[in-house]
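Here's the structure we're looking at; comments come further down.
The figures here come from the full heavy-atom set of this structure, side chains too, leaving out hydrogens, waters and symmetry mates. Numbering starts at 1 and runs along the sequence shown. The structure presented is a predicted model; accordingly, all values stated were derived computationally and were not measured.
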Amino acid sequence: MATSSVMARKLAYLFLTLCVGAMLAFGGFKLYEEFGPSKFSVGTVPFGLPAGSSVVRGDSPDWESEISKLPVQTQAELRRAVELSHNGNHRAAIEILEALVLVNPEFVRGMWEEVNTLFEMDSLADHENIRMKVLCEALQKRLANTGASVYIDSRLAEKIDNASMAASLARLATEKAPALYEARLWYARLLNKENRFIQATSECHAAISLSAGSDPRAYELLAQLYHDQGFIDSCTAVVEYALSQFPADAELLLIQGYLLEYQGRFDAAEKIYRRILAFDSEFAKASIALSTLGEKSPPGTGSGVTLSPRDRAQVACDILEPLVEKYPENLPLREALGLAYLKGRVFDQARLQFHEIATRDPEYPDIQRRIQEASVTKPAPVSARDGLTANLNRAVDSLRGTQAPTSTHDFTTMLGHYLVRYGATPGEFFKKYAVSNFRPIKANVWQESFYEAPYMHTYTVVFDSQNHFREVHVLVRDSSSTSNHLGVAPEIYTRFLKQNSRISGIGNSTGETDCGDGLVLDAAVWETQDNFEILARIVGTPSEIRMVRFDKGVLPAGLKLCDYIQYLKEF
């Protein structure tokens, strides 16, 4: 009986101890929640941290509370500047941010974005260096002893080529302010330089989540990390997703070009490199990629040997050549050999095979297209007759130009960029642009033409039924009848694409789109709140480009790319 009583007391004490322990643990948890480090859970962001992962805030600045107090217009301007900066348009971003900080001298987030944009620029003028130092000093006073301040020290250390100090400070910044995505992204970049790929990848995932997937630079770096480690499938997945969010990002397009080359799709890769250069002719990495087309090997192969396109296609050719020689009447076999040559960019041999097929069977499916594919990559020889025709064309267009009133177009008004608001009356329009340069071609439609060697320009200005300025149609033709389509955007398209990009900013390239009936459209689009522009070439018509500039309010809803053909070909 006594033994049972002792056992009961022991169990009671044990139960009491467990209850007290549980209460203490619960109280400790509540105290930690109240007074411990502040945390938050990240949402679902593709290629970010796992959804629901906790991130300690540390001493990260509370930007949102500052921004919410600003006027709506200021918030919109800030978002626009940040987007420009992230997309590499640093000068344009700086102009907006400087104005915002000038109007709001205590705007810490504005100063933060401006100094980060200056950090990203490759070279700074003297006044920009001074501006960067002033901003750094101001920010470090306001953000003293925080991770943000240490991050600034890290960026400055990298500016003076102290890589080890920059990396140490970046690590400290991420420890003090784990939720500061700029610090996580910066640390990832430094880790990548040290070939610490696993840590860099982890920081990249964090940067993507903390920025809510809004910064293309985080995707660029993650794709590059996967690429350099030889994880081609993972790299492809990142690039495909990121390009759906940032379709004009040059770094992502460049990696996409590499991936296409690894698949042997050299023509597609070439088009991407040329598209990048059309938007930014000074993008050195795209120029190098184009000059080494077909000489790249996927990373991680271990061989260290680069194979040319000819080498890549040689295995197929070695198998097919003796078979074609043995069975010369087998046209599908001959076509396969031609395609192997084409894939290896041995264009002369490909053309021979396709011409032989056309000779034996002129109705062979798609043979003329195959011949064109193998031919357009080299300029056609210019005969004396062609040269005479080209000279006559130029002479006629030049005569038209001298007979017409002298063109008043400078760089900014080329391609129909008339500086007149939509909705203006003809009186307002022709007060700014001499009516003597135009001729009426039908009711409410005026047209002007001028010649600037070797191009003939025709601009058509359209007013609506109430006589309000609504749209401009542009047609530019190359006088030379020998203008060649080299399998990519021809010179006339590339030239005016660059020109319009300097006027309207970087547009979104659509790539080639099959619109049916053999009509393939290659275009670039610019869109703002009130303006819509589309510059296009029709594949197979290499000597001309067409463009339309619209009052966006008059466009029907739900138009697809091919729907614009009716407008492009209207005049």
Side-chain angles (χ1 to χ4, degrees), residues 37-68 75 78-88 90 93 97 108-120 135-136 139 142-143 146-156 158 166-167 169-193 196 199-225 238 241-242 245-246 249 251-252:
S38 175
K39 293 184 179 181
F40 67 96
S41 297
V42 297
T44 303
V45 182
F47 302 101
L49 297 171
S53 298
S54 292
V55 178
V56 177
R57 292 186 186 278
D59 56 20
S60 305
D62 184 6
W63 299 129
E64 294 306 318
S65 63
E66 182 189 22
I67 293 173
S68 63
Q75 295 181 38
L78 177 65
R79 286 194 297 271
R80 179 166 167 259
V82 170
E83 184 177 339
L84 287 168
S85 178
H86 290 174
N87 289 327
H90 299 128
L97 292 166
V108 181
R109 175 65 186 276
M111 289 189 283
W112 175 261
E113 294 296 347
E114 185 178 349
V115 81
N116 271 294
T117 301
L118 290 167
F119 283 148
E120 292 297 316
L135 288 169
C136 287
L139 284 167
R142 289 172 169 81
L143 304 169
T146 67
S149 177
V150 177
Y151 162 79
I152 292 172
D153 285 332
S154 174
R155 298 299 300 252
L156 292 173
E158 194 269 343
L169 290 170
R171 178 183 56 77
L172 180 58
T174 60
E175 291 171 357
K176 290 174 69 65
L180 185 65
Y181 97 84
E182 290 94 343
R184 306 294 287 263
L185 180 58
W186 173 240
Y187 188 35
R189 289 159 72 174
L190 295 176
L191 289 168
N192 181 41
K193 288 182 180 180
R196 295 163 64 184
Q199 287 175 273
T201 301
S202 177
E203 293 296 329
C204 240
H205 289 309
I208 288 172
S209 282
L210 293 170
S211 66
S214 64
D215 192 337
R217 298 173 302 174
Y219 288 106
E220 291 170 11
L221 181 55
L222 183 60
Q224 191 66 55
L225 284 164
V238 172
Y241 170 76
Q245 305 300 306
F246 312 102
D249 188 275
E251 294 287 350
L252 291 168

(message) If you define the side chain from C-beta out and look only at heavy atoms, does anything of Glu120 sit under 4.5 Å from Arg155?
(response) yes
(request) Looking only at non-hydrogen atoms, find the nearest pair between Ser54 and Ser41 and report the distance. (result) OG-OG, 4.1 Å
(request) Could you grab the distance from atom CG of Leu135 to atom CD of Glu113, nearest 0.5 Å is fine? (result) 12.0 Å
(request) Over all heavy atoms of both residues, which pair between Pro61 and Leu143 is shortest? Give the atoms and the distance, please. (result) CG-CD2, 4.3 Å
(request) Compare every heavy atom of Leu97 with every heavy atom of Gly110, then report the nearest pair and how far apart it is. (result) O-CD2, 4.2 Å
(request) Looking only at non-hydrogen atoms, find the nearest pair between Phe119 and Cys136 and report the distance. (result) CZ-SG, 3.8 Å
(message) Tell me whether Arg184 contacts the main-chain N or O of Pro178 through its side chain, where contact means a donor paired with an acceptor under 3.5 Å.
(response) yes
(message) If I take atom CG from residue Leu225 and atom CD from residue Glu203, how far apart are they, to the nearest 0.5 angstrom?
(response) 11.0 Å
(request) Please list, chain by chain and in numerical order, all residues satisfying salt bridge (charged side-chain N to carboxylate O under 4.0 Å, His left out) with Asp215, sequence neighbours excluded. (result) Arg217
(message) I need the minimum non-hydrogen distance between Val150 and Ala173, along with the two atoms involved.
(response) CG1-N, 3.9 Å
(message) Rounded to the nearest 0.5 Å, what separates atom OG1 in Thr44 from atom CG in Leu49?
(response) 11.0 Å
(message) Between Glu220 and Arg189, does any NZ, NE, NH1 or NH2 come within less than 4.0 Å of an OD or OE carboxylate oxygen?
(response) no
(request) Supply the atom-to-atom distance Asn116 CG to His90 NE2, rounded to the nearest 0.5 angstrom. (result) 10.0 Å
(message) Would you compute the distance between atom CG of Leu252 and atom CD of Gln224 and round it to the nearest 0.5 angstrom?
(response) 10.0 Å
(message) Taking Ala81's backbone N and O only, do any of them form a donor-acceptor pair with Ser85's side chain (distance below 3.5 Å, no angle check)?
(response) no
(message) Looking at Asn192 and Ala188, would you say the former's side chain and the latter's main chain have a donor-acceptor pair under 3.5 Å?
(response) no
(message) For Trp112 and Tyr151, take the angle between the two ring planes, folded into 0 to 90°, and tell me which bin it lands in: parallel under 30, tilted 30 to 60, perpendicular over 60.
(response) tilted
(request) Salt-bridge test for Glu182 and Arg109: reply yes if a basic N is under 4.0 Å from a carboxylate O, no otherwise. (result) no
(message) Do the side chains of Glu83 and Arg79 get close enough for a salt bridge, i.e. N-O under 4.0 angstrom?
(response) no
(message) Measuring from atom OH of Tyr187 to atom CG of Leu169, what distance do you get when rounded to the nearest 0.5 angstrom?
(response) 11.0 Å
(request) Step by step, work out the side-chain hydrogen bond (donor to acceptor under 3.5 Å, both in side chains) result for Trp186 and Glu158. (result) CA-CA 11 Å; Trp186 173 240; Glu158 194 269 343; over 6 Å; no
(request) Heavy atoms only: give me the nearest Leu185-Ala218 pair and the separation to one decimal. (result) CD1-CA, 3.8 Å
(message) With side chain to side chain contact (heavy atoms under 4.5 Å, CB included) as the test, pick out the partner of Tyr181 among Ser211, Ser209, Ser60.
(response) Ser211
